Undergrad: 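What follows is a structure written as structure tokens; I'll ask about it next.
Within every chain, numbering begins at 1; the chains are lettered A, B, ... in the order of the sequence lines, protein sequences first and strands thereafter. Everything numeric in this text was worked out from a predicted model, so none of it was measured.
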There are 2 protein chains.
Amino acid sequence: MTETAKRRPGTRIEEVARVAGVSKSTVSRVINDEQYVSAKSREAVHAAIAQLGYSPNQAARALAGNRANAIALVVSEPTGRVLGDPFFAGVLRGVHSELAGRHMQLLLMMTQPSDTDDLVTYLSSGHVDGALLVSQHGEDPLVPMLAEIGLPVVSGGRPLGMAVPFVDADNFTGALEAARYLASLGRKRIATVAGPKDMAVGADRLSGFKRGLSEAKLPTGLVAHSDFTPESGAKAMERLLRKAPDLDAVFVAADIMALGALQVLHAHGKRVPEDVAVVGFDDSVFAATATPPLTTIRQDVEELGRTMTWRLLAELAGEAGLPPSLLLPTSLVRRASA
Amino acid sequence: MTETAKRRPGTRIEEVARVAGVSKSTVSRVINDEQYVSAKSREAVHAAIAQLGYSPNQAARALAGNRANAIALVVSEPTGRVLGDPFFAGVLRGVHSELAGRHMQLLLMMTQPSDTDDLVTYLSSGHVDGALLVSQHGEDPLVPMLAEIGLPVVSGGRPLGMAVPFVDADNFTGALEAARYLASLGRKRIATVAGPKDMAVGADRLSGFKRGLSEAKLPTGLVAHSDFTPESGAKAMERLLRKAPDLDAVFVAADIMALGALQVLHAHGKRVPEDVAVVGFDDSVFAATATPPLTTIRQDVEELGRTMTWRLLAELAGEAGLPPSLLLPTSLVRRASA
DNA sequence: GTGAAAGCGCTAACAT
DNA sequence: ATGTTAGCGCTTTCAC
């Protein structure tokens, strides 16, 4: 590295102390919202901070306080395919809004299974105070590894393996509602493009769907698995059509897969919803803009991000009696496809 | 704050030095890839680091080195609507891949126009070494403010106001190619759903489009402005159809707007591409999954992210003779819509 | 309620 | 090529 650029931060805490007429310690106490500071001092410090445009040096805070004042958002998936997913975008937005105003930075980390070790080393070295995990496939080794090093963690989506705190949409109930709705429409040959078997989200939505069909005394055998891409959604739809050319409804376990399914349905001359009713899941940006607009199960991904963050921060703050896991409600959004 | 959780980082540099049989300074030099370290020491240090699973404390590095070892990715737009945009996801992926392996963290910051001052204060306080800006509308006040405090900055997309280093897709040439292609198809009444007037990306694509039509001696008057959402794309398409019911082609300046335009075209009984040929821009995930699949101008957003990051890091490293701005090539991707 | 002083773990002169 | 020393700006005992 050559001649790395350096810059001197502006005001230091000492100057704030001078202007406010108190000691550094008092300024520090005010900044950290501690008790035992007189209203008078507090006010003076706030005034000085505003006047000088002071902003504490995070590095020094972290070093002295033995905290990082940062949490990581870990996306463990090959080359961040999830990033393109509106799901992730929503979570990110939620995390960010929950963090707003707190003195906490968000570090974004992506990781392939191959460099899991590096990541664990990094996370265990005090760079962050806790981690949020998203979109891990099945039994992600990251989960037990982080649990072992004692790093507070909250998973977005139910992890398949080890029990760690998590927040998830109520996928089971959402899919159940989708199946009930399709059955209520009088559809009899209801299929599903399910998610991957090795992801809890896939399994949960499939379970809920099957439960709904069972209630209506309908057969539950029309299942094609897929991963969360339009392409594989299309392929799954092809398989379904081959197996049951006369199917009259399909629950696609993610809007993004429904896009592919819709293309295949059109290509086969099936009218939606007349011949085949389609219900998606997520109510992502894809749903409203699909042709035809997609009836879907809405999950509030932004709320998911907020809740995950709240849960993690609460744990970092040492709060007791926190629920190990939380399920967020879903709701049916009716559009043109069913 | 109550009883904030604390953790002690594991190994410290001193222990690495002891195990390697050298001084802290030498370990530091090895870590920072400096010269004047014997191969022997270097090797010993690497071995010790591996053995101990050592990872340097970023806070201490930042404090002592007077660098943050972090850059910010600033998304300046009301409540991160951009986040849902595949454009942003791609850029993020590119930024991240370029950062991989360097000791640099990525801080994600979103900001509304209202808290620009806070952001500037924060960024100017040494928390980051530089910033990447994306998706600013028109003359974003952030640009001159950051330039003023001397923070190295690279903009993703050409900023409308002040001259700061930027990287952008070659929007002009891309749109030019779209227009030429449509003309080469024999289309005569070619319209465009353009982007916002106050964004360079909107202006540049419109200019290129008009230039292309002029070349073919075609009229350039069929223009409807829109922002980058499917809804406003649909509205713009409605306006275009009202103005020219017999239009036979439309260049939609973003795939995501094309989704809305496509819905409207269908609703009006227009067949795509038979009656109306449609060309989009971006080649985002929306393009291939649209009905019909969209012919579009591809821009490599991941490369955009990588290039922005490279440019910023090069500047931080004090490299001389860096190009103030860079334009990335685009290419036509033929699918079914035109 | 407030201040003084001792580090937090590292980098950066300055020696050698 | 390597070791020694002095901080970086803040939080945190511990007095008062």
Undergrad: Between the side chains of E14(A) and R18(A), is the shortest nitrogen-to-carboxylate-oxygen separation below 4.0 Å, so that they form an ion pair?
TA: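 Result for this pair is no, no salt bridge flagged.
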
Undergrad: Is any side-chain nitrogen or oxygen of N32(A) closer than 4.0 Å to OP1 or OP2 of dT11(D)?
TA: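 True: N32(A) side-chain N/O within range (under 4.0 Å) of dT11(D) OP1/OP2.
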
Undergrad: Does the side chain of S28(A) get closer than 4.0 angstrom to OP1 or OP2 of dC10(D) through an N or O atom?
TA: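 Checking dC10(D) against S28(A), no side-chain N or O comes under 4.0 Å of OP1 or OP2.
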
Undergrad: OP1 or OP2 of dG9(D) versus the side-chain N and O atoms of Y54(A): is any pair under 4.0 Å?
TA: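 So the side chain of Y54(A) is outside the cut-off, no N or O lying under 4.0 Å from OP1 or OP2 of dG9(D).
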
Undergrad: Bend across the helix from dG1(C)-dC16(D) to dT16(C)-dA1(D), to 10°, with axes taken over 5 pairs at each end?
TA: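 Nearest ten degrees gives 30° for this helix.
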
Undergrad: Rounding to an integer number of Å, can you tell me how far R61(B) CZ sits from dA12(C) P?
TA: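 To the nearest whole Å, that distance equals 9 Å.
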
Undergrad: Among residues 34-47 of chain B, which residues get a heavy atom nearer than 4.0 Å to DNA chain D?
TA: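 Listed by number, they are Y36(B), V37(B), S38(B), S41(B).
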
Undergrad: Would one find a side-chain N or O of S23(A) under 4.0 angstrom from OP1 or OP2 of dT2(C)?
TA: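 So the side-chain polar atoms of S23(A) never come under 4.0 Å of the phosphate oxygens OP1 or OP2 of dT2(C).
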
Undergrad: Mapping L63(B) and V22(B) onto DNA chain D by nearest heavy atom, which one lands closer to the 5' end?
TA: V22(B)

Undergrad: Output yes when a side-chain donor or acceptor of D129(B) lies under 3.5 Å from a complementary backbone atom of R67(B), and no otherwise.
TA: no

Undergrad: For the backbone of V37(A) and the side chain of S41(A), can you confirm whether one donor and one acceptor N or O come within less than 3.5 Å of each other?
TA: no

Undergrad: Do NZ/NE/NH1/NH2 and the carboxylate oxygens of E15(A) and R12(A) come within less than 4.0 Å?
TA: no

Undergrad: How about E43(B): does its CD atom have over 12 heavy atoms from other parts shown lying under 6.0 Å from it?
TA: no

Undergrad: Are the charged groups of E302(B) and R93(B) less than 4.0 angstrom apart, N to O?
TA: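 Between R93(B) and E302(B) there is a salt bridge, with a charged N closer than 4.0 Å to a carboxylate O.
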
Undergrad: Is there a side-chain polar atom (N or O) of R67(B) under 4.0 Å from OP1 or OP2 of dA12(C)?
TA: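 For dA12(C), OP1 or OP2 has a side-chain N or O of R67(B) closer than 4.0 Å.
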
Undergrad: What is the distance from CD1 of I13(B) to C1' of dT11(C), rounded to the nearest Å?
TA: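 Rounded to whole Å, this separation is 8 Å.
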
Undergrad: T26(A) has a side chain; which of dT11(C), dC14(C), dG3(C) sits nearest to it?
TA: dG3(C)

Undergrad: Determine whether a donor-acceptor pair (N or O, by modelled atom type, separation under 3.5 Å) exists between the side chain of N57(B) and the backbone of A59(B).
TA: yes

